[in-house]
Amino acid sequence: MDKPKEVTIQTYKGWEEFYNIEKSDKLDFFIRNGRMIDVLFSQQFDRAFLDNMCLLATQIRRMALTKMGAQKLSSLLAHKRAMLYFVQPSTRTFISFLNACHILGMKISEIRGTTTSSEVKGESQEDTIRTFASYVDLIIIRHPEEGFAEKTSWILNQNELAVAVINGGSGPDQHPTQALLDIYTLERSFRNIGGLDGKKIAMVGDLGRGRTVRSLSYLMRNYKDIKLYFVSPEIFQMRDDIKSFLKKHKIEFHETDDFASVIPEVDAIYMTRIQKEYSEAPAEESDIYPDFHFTKEHLSVIQSHCIIMHPLPRRYEIEVEVDKDPRAVYWKQERNGMWMRAALISYIFGVDDKISAEFR
Ligand code: CP
């Protein structure tokens with residue numbers, strides 16, 4: 001995406017100190033009236049919240065099947081407005097958030113690049129998001145910079161602006177709503193075999209720069225007896241911060257570059273793309289690592305209940321012929337994103353009880 005010609009740098013006293021506080025020590029900052037209002041990183045979610053979001057997503061999915069149900073849903077937040085500020089490319093996160101807002105009746109504004117906002121005139125990022133807060137109730141952000149969504153939340157809170165903020169992907173750091181929809185996909189897929197507890201999950205590919213696998217790994221502390229297999233070439237190994245987190249929470253994990261040996265062992269295989277966009281020398285970096293691709297031959301080796309996931313977009317990691325197998329759930333997974341994001345937004349604005357009441 002094009003960069004603005006000039007950038008105004010503003011210094012916010014106190015931000016750096018706040019950002020450096022351990023995530024688990026600042027969860028209360030994002031809660032108002034007992035409800036999580038800003039959703040910025042996976043460490044904010046506990047098991048009760050995750051279970052509630054999965055139930056709510058299913059309830060919204062079921063309500064949306066009928067005209068009457070869809071009309072009820074679309075009346076819930078008809079008085080609210082959302083801003084989608086996506087200054088890093090996105091297809092499904094953008095479209096699924098847009099449709100999640102539509103399901104709930106919200107009005108939408110969008111900016112999809114800094115070349116179409118006053119940032120091209122040099123307006124700072126911080127003044128830009130401060131401006132959105134003058135018009136909307138919710139800002140959803142996809143941004144290349146680690147921590148920018150959190151900074152937005154912090155700035156709006158300094159100014160006592162009651163605007164909710166959701167992180168729709170922050171550079172190579174986190175993608176918490178992807179982690180929510182991944183949990184929903186795992187729980188739904190395993191609903192007849194005891195859910196996610198006790199399962200073995202392989203995460204494959206660019207684990208060092210893949211924000212989806214990072215956010216999903218944090219959530220594993222909420223489930224019992226999970227075993228993770230981090231499968232990657234050496235240069236794309238999972239970063240130390242995640243490994244320290246897993247050790248601290250006594251979550252078993254194994255690192256390997258031997259994909260073939262892991263494939264028959266696990267209950268879920270989470271494939272990821274090589275994230276070349278974060279390379280300092282993209283032209284020199286390969287994005288084809290055939291030893292880490294899932295092929296149609298692998299379908300006869302995986303367990304009968306094993307699911308194949310991918311946050312998408314894919315490149316060569318999964319052969320197209322795999323798509324036909326019922327265990328390939330990545331297209332369902334992206335659709336789950338819409339239901340889960342609708343569930344999250346309904347929770348943030350406190351209309352989740354009205355949805356659940358339809359099922360009592
Ligand atoms: N999974 C995901 O974040 O996809 P997009 O980049 O297309 O939004």
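What you see is a predicted model; the values in this text were computed from it and never measured. Hydrogens, waters and symmetry mates are skipped; everything else that's a heavy atom, side chains included, is used. In listed order, ligands and their atoms are each counted from 1.
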CA sep, side-chain torsions, deciding dist, call: Y270, Y330, ring-ring contact (aromatic ring centres under 6.0 Å, His included): CA-CA 9 Å; Y270 192 106; Y330 28 93; over 10 Å; no
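Closer than 4.0 angstrom to ligand 1 sit non-hydrogen atoms from S90, T91, R92, T93, R142, H175, Q178, P311, L312.
For F245 and H249, the ring centers are positioned less than 6.0 Å apart. A ring-centre distance under 6.0 Å is not found for F86 and H143.
Note on E187 versus K199: no salt bridge recorded, every NZ/NE/NH1/NH2 to OD/OE distance being 4.0 Å or above.
Here the options are D38, V163, I37, the test is side chain to side chain contact (heavy atoms under 4.5 Å, CB included), and the partner is L156; only V163 passes.
Under the 6.0 Å distance and 45° angle rule, K151 does not count as a cation-pi partner of Y19.
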